[in-house]
**Student:** 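Encoded as structure tokens, here's the structure I'll be asking about.
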Amino acid sequence: MTATNHAETAAAVWTRKHLLGLEELSAEEITAILDTAESFAEVSTRSRKKVPALQGRIVFNLFFENSTRTRTSFSLAAKRLSADTQDFTASASSLSKGESFIDTARNIEAMGADILVIRHPTPGTPHLLSQHVDCAIINAGDGAHEHPTQALLDLMTIRRARGKIEGLSVCLLGDIAHSRVARSNIHALKKLGAHVILCGPPTLVPRGWERFGCEVVHQLDEVLPRCDVMNVLRIQFERQQRGLFPSVSEYSQFYMMTKDRIRLGKPDLLLLAPGPINRGVELTPEVADGPNSAILDQVANGLAIRMAVLYLLSGRIEAGSRHRD
Amino acid sequence: MATILINGGRIIDPSQGLDQVGDLWISRGRILPMGGGFDDAEVVIDARGMIVCPGLIDIHVHLREPGNEEDETIATGAAAALAGGVTSVACMPNTIPAIDTQAAAEFILLQAQRARQANVFPVGAVSKGRQGAELAELGQLVAGGAVAFTDDGAPVASADLMRRALQYSRMFDRVIMQHCQVPELTVGGVMNEGIESMRLGLGGMPAAAEDIMVARDIRLAEITGGRIHIQHISTARSVELVREGKRRGVRVTAEACPHHFSLTDENLRTFDSNFKMNPPLRTWSDVEAVIGGLKDNTIEFIATDHAPHAREKKMREIDQAPFGIVGLETLVPITAKALIESGHLTWPEAIAKMSCNPAVLLGLVDKGTLRGGADADVTIIDPETRWTIDPAEFRSKSKNTPFGGWEVNARAHTVIVGGEVRYTRGGIVQHAGASVPA
């Protein structure tokens, strides 16, 4: 069975035009993406890594915020599916002086884009855009709101390591309040039956998160022994300047994953980090490169997830154009 | 000026405790005493099935002129007021330049006279340039027609300046209106802080930012004997603070906006900037508390905070779009739907909050009433006409409303200002020669 044949089974579940976030997806839809990604992971192991699924399609990366890894991962995923790709990078601030981002997106659509991969510092921007353009939209990160493909690749990595998601205790560690990765992970993990623990200082994990069905803990050492997965979020240094924690050194003292803390946890604790990681702040180099770390698996799985998402959305474009004929 | 007979309507005048079906006569720009009249009228308005009430007064609108005429002008805003059944508006001073001098206040009055739409009353700035540092020339502003003072758009952040303003304004018995918010607690805020802002990853504005300022200003009014008016009250705790302040005899009043008693922060899930306002939409329990405050008259005013913004400014990323929505043309239908049709208030109770109460607050002696001799500002409302709100039909220059597409039942039908029919949806106004129905 070829990769694309296999993916077609999952594609039957998928009826959406866009991937805007994970909150609105069902467990079945999330599983469909993960299953599709598994078949594309196989493509990456071949000597010839390209399949013709998106031949003739144009995938535009529309990035209003700096990103190297996510953009590269989407570009490579599109190329492996034989799509043409083009990057458009602009700082949101320079755009605000003239053309609005909606105008920019319309221009890009007029160039023939089929799928827009958008990253923007403002929550909801992909949603707003989806009302103004006809192409399929993939949210590659909208402010602190959602980053669906990152959470999907985290889930894929967990599922590959443990064979399941349901019943696992997954801890998201760090700046939950400002993290789109945390939000997408919370929605997806809850839907697939994991127990989600949020850990960090109360300024970064404020009151209220319990209402999303999460356990909130401020002392890492207390919760570590119970965790199956530790997902270490990046800490942004400007949060310290805004007074949300006193110093990077104090943060590290309480929340950095060190060799000693790894010993507190289960022997098979799976360590994830969406990156880019700050070695010596969120985790020590020996932990980042140690046996519990799945950081590089995440990068490889990210490619498969993005291929899966592009593939599933392109199927909807096909259906749409047939309908128009 | 024509003699007008408004025939057979349900006359509701809370200033006299009046609610009865009857005829209302207008002559020479004045209301005739109830029961008075002539043999003939030059204009006859068939108001059967409709509500006839004092012209509505909206104490909180932004008309954007001078400075932002792309959003609204005094003429377009005053026309929108009429289409919404509002015969008088009090306009906020956050224009460019600010209404902080006598000349600036007089310019507003002049433009309103030229427009010949609704009456416009300027609210002067509390501080020079609305900078929050030094008192504006409040006495000269009064001479120029200012009916109250506020730095609205922004709060008076300094407790010391607020204290001085409350003291000094006693000289003119004018009220200080305050946009209550501790600025440093709302930096970067887009919406109410709570589970919805967490969900959406948008910057939060905590209810406490409002509560703290309301508590401070009530206390400052108490020690100075000044009059503090809480604009667009939006939180449960603030309503409780006003209720408690009134109980203690503090001269505190409060207004609520239709969006704060009909919408919540859950509406932001659409990321539609037409749900972005300041103060932000709060939670259902806040909405219930605001309605509770309206019911027990803790909140004596319904005002729109009409805040027009041109489409190109509002159709932006939500954190960059400006705060605020237009409200004049949805005041009556949304108030009716959220408060009257749902059984919280009666028509007379709601009309009081939009007519006689505002007139008393602003010292407009001949307005907000249908007493004999009062200014002939009259609003005729059709309370049972199913219609769909369509922003494209607004007379306001801006269309930024969250209520587009809402199915509603009440609507201003005909509006008289100073004894002139200045707005009508047609069909009920007959001119000279027509006979008076028996």
Side-chain angles (χ1 to χ4, degrees), chain A residues 20-24 64-65 92-93 95-105 118 120-132 139 141-147 175-184 186-187 198 204-214 216 238 242-243, chain B residues 70 182-209 264-276 280-286 309-323 391 399-400 402 404-405:
Chain A
L20 301 178
L22 298 186
E23 186 176 13
E24 67 242 38
F64 295 95
E65 200 180 65
S93 60
L95 262 157
S96 70
K97 288 170 193 157
E99 191 178 55
S100 80
F101 86 102
I102 294 171
D103 289 327
T104 304
I118 176 172
H120 197 288
T122 303
T125 309
H127 308 66
L128 187 57
L129 213 51
S130 71
Q131 294 158 19
H132 292 274
N139 181 359
D142 60 329
H145 180 226
E146 283 229 41
H147 190 352
D175 184 0
I176 307 300
H178 304 93
S179 172
R180 53 192 172 213
V181 177
R183 282 172 180 77
S184 288
I186 289 168
H187 296 310
L198 306 178
L204 300 178
V205 192
R207 289 169 66 175
W209 285 95
E210 304 83 0
R211 292 165 70 186
F212 291 94
C214 303
V216 173
E238 63 259 31
R242 285 191 40 212
Chain B
E70 69 278 19
V182 177
E184 53 271 38
L185 288 177
T186 57
V187 175
V190 171
M191 64 179 293
N192 182 48
E193 184 176 296
I195 188 166
E196 292 303 323
S197 67
M198 283 182 182
R199 179 195 307 282
L200 302 176
L202 287 169
M205 307 164 82
T264 69
D265 57 356
E266 288 176 26
N267 289 107
L268 267 303
R269 289 186 196 176
T270 59
F271 293 104
D272 180 346
S273 64
N274 286 323
F275 295 104
K276 179 183 177 185
L281 299 176
R282 305 283 187 186
T283 66
W284 276 118
S285 61
D286 294 300
H309 293 291
R311 183 179 157 82
E312 64 272 18
K313 296 181 187 171
K314 199 68 172 168
M315 284 303 298
R316 301 237 26 190
E317 298 91 325
I318 195 156
D319 56 350
Q320 288 174 46
F323 291 103
K399 318 295 177 193
N400 50 310

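What you are looking at is a predicted structure, and each value in this text was computed from that prediction instead of being measured. Chain A is the first sequence line, chain B the second, and so forth, proteins listed ahead of strands; every chain is numbered from 1.
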**Student:** Hey, would you say the B:F271 and A:H145 ring centroids sit under 6.0 Å apart?
**Tutor:**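 Yes.
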**Student:** Under the 3.5 angstrom rule, does the side chain of B:K399 hit a backbone N or O of B:R311 as a donor-acceptor pair?
**Tutor:**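 Flag not set: sc B:K399 to bb B:R311 has no pair under 3.5 Å.
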**Student:** Check each atom of A:R211 against the heavy atoms of chain B and say whether the ones under 4.5 Å are side chain, backbone, both or neither.
**Tutor:**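 Both parts, backbone and side chain.
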**Student:** Under a 4.5 Å heavy-atom cutoff, which of B:L268, B:T270, B:D319 has the most pairs with chain A?
**Tutor:**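 Looking at each option in turn, the highest pair count goes to B:D319.
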**Student:** Chain B: which of A:S179, A:P206, A:A144 shares the most heavy-atom pairs with it under 4.5 Å?
**Tutor:**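 Winner by heavy-atom pair count: A:A144.
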**Student:** Among A:R207, A:E23, A:R180, which has the most heavy-atom pairs under 4.5 Å with chain B?
**Tutor:**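 Most heavy-atom pairs under 4.5 Å with chain B: A:E23.
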**Student:** B:R199 versus chain A, heavy atoms under 4.5 Å apart: side chain, backbone, both or neither?
**Tutor:**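 For B:R199, the contact with chain A is made by backbone and side chain together.
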**Student:** Under the ring-ring contact (aromatic ring centres under 6.0 Å, His included) test, which residues partner A:H147, sequence neighbours left out?
**Tutor:**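 A:H147: no ring-ring contact (aromatic ring centres under 6.0 Å, His included) contacts found.
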**Student:** What are the two closest heavy atoms between B:A310 and B:E70, and how far apart are they?
**Tutor:**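 Reported closest heavy-atom pair: CB-O, 3.8 Å.
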**Student:** Who are the ring-ring contact (aromatic ring centres under 6.0 Å, His included) partners of A:H178, not counting sequence neighbours?
**Tutor:**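 So A:H178 forms no ring-ring contact (aromatic ring centres under 6.0 Å, His included) with any residue.
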